[in-house]
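Have a look at the structure below, then the notes.
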Amino acid sequence: MSAPLFLVEALPTANSMVLDGPEGHHAATVQRLRVGEQVVLADGRGGTATAVVTAVGRGTLDLDVIDRGYVDAANPRLVVVQGIAKGDRGELAVQAMTEAGVDEVVPWAASRSVVQWRGDRGVRARGRWVATAREAAKQARRAWLPVVAGAPDEATASVAGRLAGAAAGYVLSEEATDRLTTVELPERGEIVLVVGPEGGISPTELAAFEEVGARPVRLGPSVLRTSTAGVAALAVLATRLLRW
């Protein structure tokens, strides 16, 4: 089993450090790590450090750094525009997509989104997506922490602008004839994939995305939930791009 990963604001520059705060509490109290066990520290920006536990305190670990590393950012970069969904479906989508390797998630206030993120409610909801991505990145032992964009949600015009500037843009649509398994993928740049909410993507939205060059694509004969469509599409892209 691989060593657990903990996210820190900055990697230690010395050969020893104390892991405290929420991460130290989780390591010492929840995971009950012991002297001699290894951990991986990551700054969420590609930097890593492997360390050995030398002492365990109340919510803290004393660590000796034994190795340092850096993981290059993925290229092409995978961005999923996720239609805001009701309940915890959006958070489930973010969790699964983070584990599957998404590089950025953009919350989208689609016209058919049942839930609207406005004011303080939107700030809190986006915060839950950020926290979900963080925990999923730790679970997946990712050196890069996915970005959750939006302020806190993006309008259709903003999404269209993002698609216009991408190396390639795709919109999941059950009515599409092209399959994500066969469309041409760029070697570099940003691949933006749009996933609609429970009610799907409206014809007006689809037309706006196609106007800036995005291509409607489908995964197969089944119609997937908004919480699973993104991760299924990412699995296809990760395989085709030889990430997996």
Side-chain angles (χ1 to χ4, degrees), residues 1-80 91-106 126-149 185 187-191 230-231 233-244:
M1 184 175 178
S2 58
L5 182 144
F6 298 96
L7 288 167
V8 294
E9 289 298 322
L11 293 171
T13 55
N15 292 328
S16 62
M17 70 165 289
V18 176
L19 182 65
D20 54 13
E23 295 290 78
H25 171 77
H26 188 78
T29 307
V30 179
Q31 294 199 354
R32 297 180 179 274
L33 296 180
R34 295 293 178 256
V35 172
E37 294 190 85
Q38 288 191 4
V39 302
V40 176
L41 306 175
D43 60 9
R45 301 177 296 277
T48 63
T50 303
V52 175
V53 179
T54 58
V56 180
R58 295 188 61 182
T60 65
L61 295 182
D62 289 355
L63 302 172
D64 278 353
V65 177
I66 60 174
D67 191 25
R68 302 175 191 274
Y70 181 80
V71 178
D72 290 331
N75 198 354
R77 192 166 181 268
L78 300 179
V79 179
V80 175
E91 291 166 47
L92 290 172
V94 171
Q95 178 184 28
M97 291 191 297
T98 298
E99 294 176 4
V102 73
D103 298 301
E104 183 173 347
V105 181
V106 181
R126 181 182 178 278
R128 288 193 294 272
W129 281 30
V130 171
T132 298
R134 180 183 177 87
E135 292 306 308
K138 289 165 59 179
Q139 170 66 34
R141 315 295 200 266
R142 290 189 55 174
W144 283 89
L145 185 62
V147 175
V148 178
L185 299 179
E187 294 182 359
R188 303 186 64 80
E190 196 168 82
I191 297 175
V231 69
L234 284 169
V236 172
L237 293 174
T239 302
R240 294 194 58 197
L241 294 171
L242 302 181
R243 286 195 183 189
W244 288 8

Verdict with supporting geometry, Val35 and Thr54, side chain to side chain contact (heavy atoms under 4.5 Å, CB included)
CA-CA 5 Å; Val35 172; Thr54 58; 5.6 Å; no

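Here the closest non-hydrogen pair linking Val56 and Leu33 is CG2-O, 3.4 Å. For the pair Val148 and Ala133, the tightest heavy-atom approach, listed with the atom from each and the gap, is CG2-CB, 4.2 Å. A pairwise comparison of heavy atoms in Ala28 and Gly57 identifies CB-O, 4.0 Å as the closest pair.
With sequence neighbours left out, the side-chain contact (heavy atoms from CB on, under 4.5 Å) criterion links Gln95 to Leu92, Glu99, Thr132, Ala136. Listed by chain and number, the residues in a salt bridge (Lys or Arg N to Asp or Glu O under 4.0 Å) with Glu135 are Lys138 (sequence neighbours excluded). With sequence neighbours excluded, no residue satisfies salt bridge (Lys or Arg N to Asp or Glu O under 4.0 Å) with Arg134. In this structure Arg243 satisfies the salt bridge (Lys or Arg N to Asp or Glu O under 4.0 Å) test together with Asp103, sequence neighbours excluded. For Ala131, there are no side-chain contact (heavy atoms from CB on, under 4.5 Å) partners, not counting sequence neighbours. Not counting sequence neighbours, the partners of Ala235 by the side-chain contact (heavy atoms from CB on, under 4.5 Å) test are Trp244. Every side-chain contact (heavy atoms from CB on, under 4.5 Å) that Val231 has, sequence neighbours left out, goes to Ala96, Met97, Ala100.
Looking at Gln139, Arg141, Arg142 one by one, the single match for side chain to side chain contact (heavy atoms under 4.5 Å, CB included) with Leu5 turns out to be Arg141.
For the atom pair CG (Leu61) and OG1 (Thr29), the distance works out to 9.0 Å, reported to the nearest 0.5 Å. To the nearest 0.5 Å, atoms CG (Leu185) and CD1 (Ile191) are separated by 5.0 Å.
Pairs of residues two or more places apart, or lying in two chains, that qualify as side chain to side chain donor-acceptor pair (under 3.5 Å) and include a residue from residues 57-77 are Arg77-Glu104, Arg77-Glu190. Residue pairs meeting the salt bridge (Lys or Arg N to Asp or Glu O under 4.0 Å) criterion with at least one member in residues 31-48, sequence neighbours excluded: Asp43-Arg45. Every pair tested for ring pair (Phe, Tyr, Trp, His ring centres under 6.0 Å) that includes a residue from residues 25-59 fails, sequence neighbours excluded, so the list is empty.
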Quick one: side chains of residues 6-21, donor-acceptor pairs under 3.5 Å with protein atoms, not counting sequence neighbours, listed by atom name and distance.
none

